[in-house]
Amino acid sequence: MSDESERRRLEECVKEPIRTPGRIQSFGTLLVVDVATYEIVTASDDASRWLGRSVSELGSPTLEWSVTAETHGDPIRIDLQGKAYDAVTHPLADRVVIELEPTDGTPDLPSASVVGAIRTLGLVASAEELRQAAAEEVKRISGFDRVMVYRFFEDGHGEVAGEASEPDMESYRGLRFPASDIPQQARSLYLTKLSRQIVSTVDEGTPLSSVDADAPALDLSSAELRAVSPHHLQFMRNMGQASTVSFSLIHDDRLVGMITCAHRTERRMPILLRRALEVLATQLTLQLAALESIAQLRHDLTIREQRAAVLAAVPSSDDALLALVDGGEELCRLVGADGAVLALDGLSRSVGDVPTAERDLLLAAAGTEPFQSSELERTHPALATLMPGFAGLLVVPVGSHGVLLFFRREVTQVIRWLGDQTAANRDTALSPRNSFSEWRQSVEGSSLPWGGTAEEARELGRELARALDRRHEARLAQLALVDHLTGLHNRRSLERRLESVLQSGEGGVLLFLDLDGFKATNDRHGHETGDTVLRVIADRLTEGSRATDVASRLAGDEFVVLSPATSAEDGERFAARLVREIAAPIRTARGPMTVTASCGVIVIDPAATGKQLLDAADAAMYRAKNAGRNRVSL
């Protein structure tokens, strides 16, 4: 389908005066009454003899009463000069439009109940099934040959989403149609006029006359009898339709679909039935909206769970980028991508199937602003040259940390259209299609569209940014409580844990260790060797302690181990074991080295402060040093 041809057809449709055609369908009669004078000021030509006369002269008190009664839009059965009509009125400025539809020539009201159909449809649990069931119910009620339920997409084109038809008719279900089939100005009428009946495709209509020859054309937007565009009549004839009735499906002030009844011969639908089916259409729209909302909520919940699983390892991982790469398959599946490039905090990795261009070149060309395309060759040809074989690109910012690039390979898509969309199926570029048999179009040079996945991926980017922020904050907080050289708790962390033990009253012991003559080690072998020794001793303290113990480095070569709920006897044995383990040889770049430690042990006094306990343990440690070092003192 040529975009240019479709644009021209849409522009041509706008030019048609469909609101003011100056005529009505010939099966009915139209009168316009001046409310102030009761004078008939406009009439269809079949009733032109009444122009300029009072509505009271028609001889129908009911009709006369309807001019001022608040019954606008509701049909009233009247008798006019021996014929029965359904009369409908609606106000138009200071006038009232009266439309008369003869009751003869219409089928009797169906035995099938509209209320029963609404109840039946209320039991359907999915939107797809509901559209099909609605088509079947309306066909059963209306008796028309074919009933189609349309749904419209954001760009204006539509799909026959549900259909019920006679066995000998070709099915249109699942076929797409362009926006010009139901142009915007026609759709805007369906927002205020909930149904539209077209009784005959060969009816040229009955002109309207007015007592004022210079009066502007009458606005028939709200009229039941408004005449039909010649273009649309030809469209119907080409489609094999002699008559149709359509009903609006409106949600949030937007036309989201239609129900269209079509018949191969002329057929009128009584206005009472049209009104009842308008109610069914309204109920159908509400139910569709509810089902689609429920489906969307379920989808959103699933996506949130999958997102959480993909990001679960990020906050606690030593390497957040590696954690994402390890879960790369799930990450790509979440976005429906063939591959991805992840660029975070100065590093980048790729997962899955990605373009072969240099990663830095791809990142520079894609940028860091939100972007999506499923037709790169058409929308961004320079970018497409870097990605041969790929037609889809989704750029997802990750806050201040970087960006995610998702790629989709080019695929051939087959679209099933309601009729050949090319010029070969039209007499002119602006005329309707001649055939509406299924026509398949292969679309190349594009990937599957990103659709709602794009916003889901952007939310992934926002959540990843928050996870990385939390990870950074947690690491800063951890650094504030951890000795950077050994990884042990620092003085601040030890004081917090000691305060907690004092508050709980669980007691325990405090071990204060100081390396013997460590300054000489640094002076003789250098600080790099000294740092190696300190790290090894820290590891020995950690390995030799319980999970509930707190090993910390206060400063230099001073270490403290807090052992909650440990008795004095066990504490002394614990300290002696640690002193022995510290004295084992240590491998360094300068060769094996041995250092010893002096350890003071005190029992935690719940009445003391943390500082008092550390001072007491420090004093006990000095007693060990004074007693000869490499030993434990209480």
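For this chain, numbers begin at 1 and follow the sequence in order.
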> Which atom names give the shortest non-hydrogen contact between L191 and L194, and what distance separates them?
Replying inline: O-CD2, 4.4 Å
> Of all residues at least two apart in sequence or in a different chain, which pass the side chain to side chain donor-acceptor pair (under 3.5 Å) check with S180?
Replying inline: E6
> Taking atom types as modelled, is there a side-chain donor on S243 or E266 under 3.5 Å from an acceptor on the other?
Replying inline: no
>> Less than 3.5 Å apart, any donor N or O on the side chain of T29 or D46 sitting next to an acceptor on the other?
In response: yes
> Does a side-chain N-to-carboxylate-O contact under 4.0 Å join R440 and E438?
Replying inline: yes
>> Testing the basics here: between E99 and S222, what is the closest heavy-atom pair and its distance to 0.1 Å?
In response: OE2-O, 4.3 Å
> Which pair of non-hydrogen atoms, one from Q287 and one from L121, has the smallest distance, and what is that distance?
Replying inline: NE2-O, 2.6 Å
>> For a quick check under 3.5 Å, do S221 and D219 share a side-chain donor-acceptor pair by atom type?
In response: yes
> What pairs with E101 under side chain to side chain donor-acceptor pair (under 3.5 Å), at least two apart in sequence or on another chain?
Replying inline: R274
>> Using salt bridge (charged side-chain N to carboxylate O under 4.0 Å, His left out), reason through K139 and E166 one step at a time and then give a plain yes or no.
In response: CA-CA 10 Å; K139 184 180 187 308; E166 293 299 305; 2.4 Å; yes
>> Taking ring-ring contact (aromatic ring centres under 6.0 Å, His included) as the definition, give me every residue that meets it alongside Y150, ordered by chain and number, with sequence neighbours left out.
In response: F177
> For residues 255-303, which residue pairs qualify under ring pair (Phe, Tyr, Trp, His ring centres under 6.0 Å), counting only residues two or more places apart or in two chains?
Replying inline: F144-H263
> Residues two or more places apart in sequence or in another chain: which of them pass side chain to side chain contact (heavy atoms under 4.5 Å, CB included) with E136?
Replying inline: Q132, A164
> Who passes side chain to side chain donor-acceptor pair (under 3.5 Å) against H232, sequence neighbours left out?
Replying inline: none
> Does R408 count as lying over the ring of W450, i.e. NZ or CZ under 6.0 Å from the six-ring centre, within 45 degrees of the axis?
Replying inline: yes
>> Using the side chain to side chain contact (heavy atoms under 4.5 Å, CB included) criterion, which residues pair with S165? Sequence neighbours excluded.
In response: R146, E163, M169
>> If the condition is side chain to side chain contact (heavy atoms under 4.5 Å, CB included), which residues does R119 pass it with, not counting sequence neighbours?
In response: V115
> What residues, two or more places apart in sequence or in another chain, satisfy side chain to side chain contact (heavy atoms under 4.5 Å, CB included) together with H251?
Replying inline: V256, T285, A289
> How would you list, by chain and number, every residue that makes a salt bridge (charged side-chain N to carboxylate O under 4.0 Å, His left out) with R458, sequence neighbours excluded?
Replying inline: E455
> By side chain to side chain donor-acceptor pair (under 3.5 Å), which residues pair with E170, not counting sequence neighbours?
Replying inline: S437
>> Pairing donors with acceptors under 3.5 angstrom, does anything connect the side chains of S26 and T206?
In response: yes
>> Looking only at side-chain N and O atoms, does N425 offer a donor or acceptor that is under 3.5 Å from a partner on Q421?
In response: no
>> I need the full list of ring pair (Phe, Tyr, Trp, His ring centres under 6.0 Å) pairs touching residues 9-28, with sequence neighbours left out, sorted by first then second residue.
In response: none
> Do R187 and F152 meet the cation-pi criteria used here (NZ or CZ under 6.0 Å from the six-membered ring centre, within 45° of the axis)?
Replying inline: yes
